[in-house]
Colleague: 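What follows is a structure written as structure tokens; I'll ask about it next.
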Amino acid sequence: MPRVVGHLDLDYFYAQVEEVEDPSLKGRPVIVCVFSGRTEDSGVVSTANYRARELGVHSGMPIVLAKKKLEGKEAAVIRMDHRKYEEVSARIMEDLEGRVDVLEPTGIDEAFFDLTASTRGDYSAATKTAESIKEAIFNAEHLTCSVGMGRSKVVAKLGSDMAKPGGLKVVPADATASFLEPIPVEKLYGVGPKTSSTLLEMGISTAGQLAAADPSDLEKRFGKKFGGFLLLASTGDDSSPVTADLEPTQFSRIVTLKRDTSDPQEAFAQLAEGVEYVHRKLTTAGKSFRTLTAIGIYSDLSTKTKSRTFETPMDDLGTIRETSAALFEELGRSAEKPLRRAGVRVSSLSNKEGQTSLSEFLHPVK
DNA sequence: GTTATGCATCC
DNA sequence: CCTCCTTGCATAAC
């Protein structure tokens, strides 16, 4: 029986949530932005609706540049409200859990799902389920989404990309090979600019060519693990399962400083709220950490990190404060360039004494 | 085997 | 002109 794997992606999520909340935005270019606070308009576009995209604006673009492109176009420039999008996302994910066999959220606006068991590998039954899911989200939240389905995660993700915006792309298991053959390698999940340029050097530009490549050549260039993955992905045979209740493995926060500085204490002071945020996330999740990392991003945007691992799990704000302050001191001393951004991360997480894992909490053993 | 650090991906 | 977050992996050093 072939697996039935789906990928659901909420369309231009942040901007669409804003459109739903304020219908007067419909039909106008809308951009949701992260303002860094450094100057009036410093920061980047997080999400642009399709009207804004038509005018050449896309995510990652500096706000100043986006505003120029949108001048005189009745555009709405909105400050990102992460809390709001998280609430909408949580409602949708909760509803989805009841409609699929397994749900694996992979971000605030997307999730993989599995329908193998309930459809017994029947792709027409799965198509009906996907359609009802799209309908349910639209009825409940007035949001559109794009869905892809196929026999693996790579195929499902490719499908949802192709279906954007608002569509459904189903690739039945036996149509996988012909579907993948002409796909450019850079479209494959897990293949970014670095990997695709290396592949191009090897004369490989499509999934079909990748599938026909010499496995040992791929291993030499990418290592055994990633080389093997590429080969499987090229034929839609990547086997990674859809997994529910994945526990977080780290929490981090990075902020942009008001001005570049070589003074570690000044940088650390501006990170104070970020430190509290990380501690709050840790507490909410009921976790302790063993490793704490200070992250420095310098004026030339290069990155340097310093970390410390404790022998026993820690969870208090004081420890995070003191340790990150000390690590920043080291970061400042070892660098010749001033800092532009500063961050803190906790990892090597474990559940606190007496706390059940999130998964046990959600689905207790009877 | 564990730790520190950086790289690549994706959002 | 340049935000923020997460995950996994490679590699070197201990």
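Here is the naming used below: chain letters follow the sequence lines, and residue numbers restart at 1 for every chain.
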Colleague: In terms of the nearest nucleotide of DNA chain C, which residue is placed more toward the 5' end: A:Phe35 or A:Val64?
Modeller: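 The answer here is A:Val64.
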Colleague: Please determine if a side-chain N or O atom of A:Arg341 lies less than 4.0 Å away from the OP1 or OP2 oxygen of C:dC4.
Modeller: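 For C:dC4, OP1 or OP2 has a side-chain N or O of A:Arg341 closer than 4.0 Å.
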Colleague: Would you indicate, yes or no, if B:dA4 has its OP1 or OP2 atom less than 4.0 angstrom from a side-chain nitrogen or oxygen of A:Thr309?
Modeller: yes
Colleague: Within the 4.0 Å heavy-atom criterion, would you say A:Thr195 contacts the bases, only the backbone, or no part of the nucleic acid?
Modeller: sugar-phosphate
Colleague: Quick check: do A:Arg28 and A:Arg51 have side-chain heavy atoms less than 4.5 Å from each other?
Modeller: no
Colleague: Would you classify A:Gly192 as touching base, sugar-phosphate or nothing, given that sugar-phosphate means primed atoms plus P, OP1 and OP2, and contacts are heavy atoms under 4.0 Å?
Modeller: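 Here A:Gly192 touches the backbone only, sparing every base.
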Colleague: Would one find a side-chain N or O of A:Lys157 under 4.0 angstrom from OP1 or OP2 of B:dC11?
Modeller: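 Yes, A:Lys157 has a side-chain N/O under 4.0 Å of OP1/OP2 on B:dC11.
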Colleague: Which residue, A:Val45 or A:Phe222, contacts DNA chain C at a nucleotide closer to its 5' end, judged by nearest heavy atom?
Modeller: A:Val45
Colleague: Rounding to an integer number of Å, can you tell me how far A:Lys187 NZ sits from B:dT9 C1'?
Modeller: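 Distance, rounded to whole Å: 16 Å.
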Colleague: Report the nucleotide, chosen from C:dC5, B:dT9, C:dG8, that has the shortest atom-to-atom distance to any side-chain atom of A:Ile254.
Modeller: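 Output: C:dC5.
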Colleague: How many whole angstroms separate atom CG of A:Asp161 from atom C1' of B:dT9?
Modeller: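 To the nearest whole Å, that distance equals 14 Å.
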Colleague: Strictly below 4.0 Å: does A:Thr305 bring a side-chain N or O up to OP1 or OP2 of B:dT5?
Modeller: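 Indeed not, no polar side-chain atom of A:Thr305 lies that close.
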Colleague: Can you see whether A:Tyr298 has A:Lys337 sitting over its ring - NZ or CZ less than 6.0 Å from the centre and within 45° of the normal?
Modeller: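 Judged by the rule (NZ or CZ under 6.0 Å from the ring centre, within 45° of its axis), A:Lys337 is not positioned above A:Tyr298.
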Colleague: Check whether any side-chain N or O of A:Thr256 sits under 4.0 Å from OP1 or OP2 of C:dC4, and answer yes or no.
Modeller: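 For C:dC4, OP1 or OP2 has a side-chain N or O of A:Thr256 closer than 4.0 Å.
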Colleague: Mind checking if A:Val191 touches a base, just sugar-phosphate, or nothing, with heavy atoms under 4.0 Å?
Modeller: sugar-phosphate
Colleague: Roughly, in whole Å, what's the span from CZ in A:Arg308 to C1' in B:dT2?
Modeller: 16 Å
Colleague: Taking 4.0 Å as the cut-off, does a side-chain nitrogen or oxygen of A:Ser307 come that near to OP1 or OP2 on B:dT5?
Modeller: yes
Colleague: Are OP1 or OP2 of C:dT6 and a side-chain N or O of A:Ser252 less than 4.0 angstrom apart?
Modeller: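 Yes, A:Ser252 has a side-chain N/O under 4.0 Å of OP1/OP2 on C:dT6.
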Colleague: Heavy atoms from C-beta onward define the side chain here; which of C:dT3, C:dC2, B:dT9 lies closest to that of A:Ser42?
Modeller: C:dC2
Colleague: Side chains of A:Thr291 and A:Ser307: do they bring a donor and an acceptor to under 3.5 Å?
Modeller: no
Colleague: I need the OH-P distance between A:Tyr189 and B:dC10, as an integer number of Å.
Modeller: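 Result: 7 Å.
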Colleague: Output the rounded distance in Å from NZ (A:Lys225) to C1' (B:dT9).
Modeller: 16 Å
Colleague: Pick base, sugar-phosphate or nothing for A:Arg290, based on heavy-atom distances below 4.0 Å to the nucleic acid.
Modeller: sugar-phosphate
Colleague: OP1 or OP2 of C:dT3 sitting under 4.0 Å from any side-chain N/O of A:Arg340?
Modeller: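 Indeed, a polar side-chain atom of A:Arg340 lies that close.
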Colleague: Of all the choices, B:dC11, C:dC5, C:dT3, which nucleotide is nearest to the side chain of A:Glu110 once you look at every atom?
Modeller: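 Minimum distance to the A:Glu110 side chain belongs to B:dC11.
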Colleague: When you measure from the side chain of A:Pro62, which nucleotide among C:dT3, C:dC2, B:dA8 comes out closest?
Modeller: C:dC2
Colleague: For A:Glu186 and B:dT9, give me the distance from atom CD to atom P, rounded to whole Å.
Modeller: 12 Å
Colleague: Taking only the side-chain nitrogens and oxygens of A:Thr291, find out if one of them lies under 4.0 Å from OP1 or OP2 of B:dT3.
Modeller: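 For B:dT3, OP1/OP2 do not have a side-chain N/O of A:Thr291 under 4.0 Å.
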Colleague: Between B:dT5, C:dC9, C:dC5, which one does the side chain of A:Lys306 approach most closely?
Modeller: B:dT5
Colleague: Within this structure, what is the CG-to-P distance between A:Leu230 and C:dC9, rounded to whole angstrom?
Modeller: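 Value for this atom pair: 13 Å.
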Colleague: Please check: side-chain N/O of A:Gln209 versus main-chain N/O of A:Thr206, any donor-acceptor pairing under 3.5 Å?
Modeller: yes
Colleague: Taking atom C1' in both C:dC4 and B:dT9, what distance in whole Å separates the two?
Modeller: 14 Å
Colleague: In whole angstrom, what separates A:Phe310's CZ from B:dA4's C1'?
Modeller: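 One finds 15 Å between C1' of B:dA4 and CZ of A:Phe310, rounded.
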Colleague: Give one of base, sugar-phosphate or nothing for A:Val44, where a contact means two heavy atoms less than 4.0 Å apart.
Modeller: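 Base, at least one base atom sits under 4.0 Å.
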Colleague: A:Arg151 pairs by side chain to side chain donor-acceptor pair (under 3.5 Å) with which of A:Asp238, A:Asp174, A:Asp237, A:Thr116?
Modeller: A:Asp237
Colleague: Establish, yes or no, whether the cationic atom of A:Arg253 lies under 6.0 Å from the six-membered ring centre of A:Tyr277 and within 45° of the ring axis.
Modeller: yes
Colleague: Under a single-linkage rule joining Ile, Leu, Val, Met, Phe, Trp and Tyr whose side-chain heavy atoms are separated by less than 4.5 Å, which residues share a cluster with A:Leu70?
Modeller: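 The other cluster members (ILVMFWY side chains, heavy atoms under 4.5 Å, direct or chained) are A:Ile31, A:Phe35, A:Val45, A:Leu55, A:Val57, A:Met61, A:Ile63, A:Leu65, A:Val77.
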